[in-house]
Structures are given as C-alpha cells and as structure tokens.
Amino acid sequence: VGSEMCIRDRYTSLDTKIVDSIIGSFTEKYGIKVEYFRGGSADVTSKVLAEADAGRLQADIVDASDVAALMLMKERGILKPYRSPATETVPADLRDSDDCWVADRLTQAIIQYNAEEMGANPPATWQDLTAPEYKGRLVFFSSSNGDGAPRLYTLAQHFGWELLEQLAANDPMRVQTPQLVTQVLESGERGAGFANNDNIAWRSKLEGKPTDFVYPAEGVPTELGAVGLIEGSSRPNAAMLFYDWWMGDEGQALLVEGGKYSSRTDLAPPKGSPPLGELNLLVLDYAEYQANRTDILERMADTFGGEWGV
C-alpha cells in the first residue's frame, strides 16, 4: 500500500464536516495520509481534465456530484475499471456498465425555509414558491460555473421551464453554495430556498436553527455523487483501499451520520429522514444533459441572469 494519495472532492455534496470525518477515520485506521482538493463539480472536472491534457494527473480518486463529468472522464480514458466487493448492493442503474464509476450517495434538492417566518403556512410544492408573497423572499445557489444547473434543469424537464421563469420573476437571491443558502435562511435574510441540499437542511434543523425543509410530493430532483479510480495512478493500492473502505460499512456509515443518503440499498436513511422509497425522485438523464449542456446553461443565464459557465 502506498504512503499517501490525493482525493478530488466536491464541496456541495460532501461538505467539510463529512469530508474531514471520512478522511480522519481512514487515516487513523490505516495510517495513510489523504490530501484532497475541494471545489464545485465544474471546478473539479476542469482541474482533472486540464491535468490530463497536460499529462500530469495528480489525483488517485475522483469523487463528484456530476455524473456527466465522470462519463466524460470515462470517454477520455481517465477512469480505471474497478468493481469493489463493497458495492454489490448498489443498484445497476447507479453504476457504470464498465465499472469505471459507481454512485456513492444521493443528494435531494428540497425546499428549505425559515420556520419563524414561514412556520404557520410553509411552502409544500414548487409552485407555492411562485406566489406573489414570495417575491424578494427566495434564495437559491449556483456558482458562476453553473453547479446548480443540473437540479434546476431537472425541475424544468418535469414541470416546464415556466416554473423556473416564475421563480426567477420572484427576484430570488443567488448565492454560491448550498451552505450559504442555509445561512441566509437561518439569519432570516430570506424566507425560503429552492433546490437546496437535503443534508445541509437536515443538519441545520438538527442543530436547532430556525429552519425546516420539505420534500415536495410532486417530485424531488436527486443528484448522484459518484466515485472512480484514476487510470495510471502512482498509488493504485492505496487508492483501491480507500475506495473499498469508503464504499464499505465504515465509510458509508459516516456519510449517513452526516445526513447523506447512501447509494447502497442495505443501509438505512439518515436519522429522522424518510426512506428513499417514500420519495418521488426525479433523476436527470446525465448523457442528455452533457450533450446539451451549453444550450441549457445559456437558457439558465437568460432565465436567472448572471454567469453560468458559458
């Protein structure tokens, strides 16, 4: 086993608290140092592709909540096929057919709100947020690279672009990360956030902050986080050990403790959360999204304004 490896990770789904608990536990058990780069999925993808183009890939593992990006990496020959015995309970539709990547977590895009402001009559549906009383009271996230676009596009696919246009007409505040959405809601600066991460909303409520959240019954966008090994890694044994540990009972238990849903069907949901089977999950067609990404991001810019990575 090698002495160290580097993980490329994504901030929106695996925020600092979860990442640090995972790496700390792994290092304590195996004595292997783990270095990681955190950024939005677009930042992670750009970094990996740029390093590949330069012939200087530094990563041993890539983990991001943009399956379309992992598909692209597979096409470029960047990912190494590997089927871990720890992933046997991950459904076939949550893994690459050639085992170049496998989903490790699911993040649901929910409605989060300030319970002090909205508690008497909280929003329950996406359409609720288009009402006049929400004008100037909404917040959502997306970095200038368009990290928030996939879940918004999922809403548009299922409920029409008109929904996004109506949300935009209510003058929502745009912030860079899901964590900032929750901070804005906790402070009362805005009353409701759309398409925010369920695990971050879960933690806010668990910590006693004045927030709550809802999984709209008509459908909830779900985003797959996925992990893959880098072809030609200089530390392949350490990378496979981390992969197996991360997808195994110990690693996935830490994920669930942090409020995330595991992709493994044999594991329970986070404390107090509904089983995935009770949610109406809306899954993005990642291949279609990747093929039409530029057009989608341009329409996001037309709808919400600002930079979307095009």
Problem - Validation row: Leu49, Ile78 side chains within 4.5 angstrom (heavy atoms) - result: yes

Practice task
Evaluate side-chain contact (heavy atoms from CB on, under 4.5 Å) for Ile22 paired with Trp245, printing each intermediate quantity in order.
Solution key: CA-CA 10 Å; Ile22 290 166; Trp245 181 86; 3.6 Å; yes

Handout entry: Residue among Leu163, Leu164, Leu167 satisfying side chain to side chain contact (heavy atoms under 4.5 Å, CB included) with Phe194
Key = Leu167

Practice task
For the pair Asp285 (side chain) and Ala287 (backbone), establish whether a donor and an acceptor sit closer than 3.5 Å, ignoring hydrogens and angles.
Solution key: yes

Handout entry: Donor-acceptor under 3.5 Å (Asp212 side chain, Ala115 main chain)
Key = no

Exercise for the section: Please tell me if the side chains of Thr222 and Thr107 come closer than 4.5 Å, counting only heavy atoms from C-beta onward. Expected result: no

Exercise for the section: Report yes or no: do Ile23 and Tyr30 belong to one cluster of Ile/Leu/Val/Met/Phe/Trp/Tyr joined by side chain heavy-atom distances under 4.5 Å? Expected result: yes

Handout entry: Donor-acceptor under 3.5 Å (Arg151 side chain, Ala109 main chain)
Key = no

Handout entry: Side-chain donor-acceptor pair present, Glu288, Tyr153, cut-off under 3.5 Å
Key = yes

Exercise for the section: State, with a plain yes or no, whether a side-chain heavy atom of Met247 is found less than 4.5 Å away from one of Ser263. Expected result: yes

Handout entry: Main-chain N/O of Arg56 paired to Gln58 side chain as donor or acceptor, under 3.5 Å
Key = yes

Practice task
Start with the C-alpha distance between Asp249 and Arg264, add both sets of side-chain angles, then the distance that settles salt bridge (charged side-chain N to carboxylate O under 4.0 Å, His left out), and finish with yes or no.
Solution key: CA-CA 10 Å; Asp249 292 345; Arg264 285 178 41 180; 2.7 Å; yes

Problem - Student check: side-chain heavy atoms of Arg105 and Asp63 closer than 4.5 Å - result: yes

Under 3.5 Å, side-chain donor or acceptor atoms of residues 302-310 against the rest of the protein: list the pairs with distances, not counting sequence neighbours.
from	atom 1	to	atom 2	distance (Å)
Thr303	OG1	Arg299	O	2.8
Trp308	NE1	Gly305	O	2.9

Exercise for the section: Locate the shortest heavy-atom distance separating Ala226 from Trp101; write the atom from each residue and the value. Expected result: CB-CE3, 3.9 Å

Exercise for the section: Is it possible for you to say whether Tyr286 and Leu281 belong to one hydrophobic cluster, with membership spreading through side-chain heavy-atom contacts below 4.5 Å? Expected result: yes

Practice task
Using a cut-off of 6.0 Å, state whether more than 12 heavy atoms not belonging to Glu207 lie near its atom CD.
Solution key: yes

Handout entry: Pro216 to Ile111 - nearest heavy-atom pair and separation
Key = CG-CD1, 3.7 Å

Exercise for the section: Could you verify whether a donor N or O on one side chain and an acceptor N or O on the other, from Asp20 and Tyr36, lie under 3.5 Å apart? Expected result: yes

Practice task
Is it possible for you to say whether Val256 and Tyr261 belong to one hydrophobic cluster, with membership spreading through side-chain heavy-atom contacts below 4.5 Å?
Solution key: no

Problem - Side chain Asp244, main chain Ala86, donor-acceptor under 3.5 Å - result: no

Practice task
Would you indicate whether the side-chain heavy atoms of Pro221 and Leu155 approach each other to under 4.5 Å?
Solution key: yes

Exercise for the section: For the pair Arg137 (side chain) and Glu189 (backbone), establish whether a donor and an acceptor sit closer than 3.5 Å, ignoring hydrogens and angles. Expected result: yes

Handout entry: Arg95 side-chain N/O to Val90 backbone N/O, donor-acceptor pair under 3.5 Å
Key = yes

Exercise for the section: Go through the structure and list residues passing salt bridge (charged side-chain N to carboxylate O under 4.0 Å, His left out) with Glu133, not counting sequence neighbours. Expected result: none

Problem - Residue pair Ser204 / Glu186, side-chain donor-acceptor N/O under 3.5 Å - result: yes

Problem - Non-hydrogen side-chain atoms of Ser142 and Met300 separated by less than 4.5 Å - result: no

Practice task
Answer yes when Arg83 and Glu88 have at least one side-chain N-carboxylate O distance shorter than 4.0 Å, and no when they do not.
Solution key: yes

Practice task
Describe, in one word, how the ring planes of Tyr215 and Phe213 are oriented to each other, choosing from parallel (under 30°), tilted (30 to 60°) and perpendicular (over 60°).
Solution key: perpendicular

For a quick test of your reading: what N or O donor-acceptor pairs under 3.5 Å do the side chains of residues 68-77 make, sequence neighbours left out?
from	atom 1	to	atom 2	distance (Å)
Lys74	NZ	Asp96	OD1	2.8
Lys74	NZ	Asp96	OD2	3.3
Lys74	NZ	Asp98	OD2	2.7
Arg76	NH2	Asp53	OD1	2.3

Practice task
Evaluate the side-chain proximity of Leu254 to Ser25: yes if any heavy-atom separation is below 4.5 Å, no if none is.
Solution key: yes

Problem - Donor-acceptor under 3.5 Å (Asn114 side chain, Leu185 main chain) - result: yes

Exercise for the section: Show your working on side-chain contact (heavy atoms from CB on, under 4.5 Å) between Leu129 and Phe140 and close with a plain yes or no. Expected result: CA-CA 12 Å; Leu129 300 179; Phe140 75 109; over 6 Å; no

Practice task
Mark yes or no for whether Glu218, through its side chain, and Trp126, through its backbone, hold a donor-acceptor pair below 3.5 Å.
Solution key: yes

Exercise for the section: With the side chain counted from C-beta on, respond yes when Gln166 and Gln127 share a heavy-atom pair under 4.5 Å apart, and no when they do not. Expected result: yes

Practice task
For Glu223 and Leu284, run side-chain contact (heavy atoms from CB on, under 4.5 Å): C-alpha distance rounded to whole Å, both residues' side-chain angles, the deciding distance at 0.1 Å, then the answer.
Solution key: CA-CA 8 Å; Glu223 288 185 352; Leu284 182 67; over 6 Å; no

Handout entry: From Leu241 atom CG to Ser84 atom OG, the distance as rounded to the nearest 0.5 Å
Key = 10.0 Å

